[in-house]
Peer 1: 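Take this structure, written in structure tokens, and hold onto it; I'll ask about it next.
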Amino acid sequence: MSSERSYGFRMRAVTRGKFKVPQISAYGMYDAGIRFVGQVQPDVEIK
């Protein structure tokens, strides 16, 4: 069994501006020892 997983997200722009993408984090529902904290994403600018 592979322990590597890949996740992504999509964004839909409805307002112009500069936005921060929140850092992704996840925890195991039945095992608190399983957790993931992603990297901080760069700001997104909608022109």
Peer 1: Are Ile34 and Phe36 linked, directly or through intermediate hydrophobic residues, by side-chain heavy-atom contacts shorter than 4.5 Å (ILVMFWY only)?
Peer 2: no

Peer 1: Quick one: name the residues clustered hydrophobically with Val37, using the 4.5 Å side-chain heavy-atom rule over I, L, V, M, F, W, Y, and just say none if it's on its own.
Peer 2: Tyr27

Peer 1: What residues, two or more places apart in sequence or in another chain, satisfy side-chain contact (heavy atoms from CB on, under 4.5 Å) together with Val40?
Peer 2: Gln23

Peer 1: If you look only at pairs with a residue in residues 14-43, which of them pass as a salt bridge (Lys or Arg N to Asp or Glu O under 4.0 Å), with sequence neighbours excluded?
Peer 2: Lys20-Asp43

Peer 1: Which residues end up grouped with Val14 if you chain together Ile, Leu, Val, Met, Phe, Trp and Tyr wherever their side-chain heavy atoms are less than 4.5 Å apart?
Peer 2: none

Peer 1: What are the two closest heavy atoms between Ile46 and Ala13, and how far apart are they?
Peer 2: CG2-CB, 3.7 Å

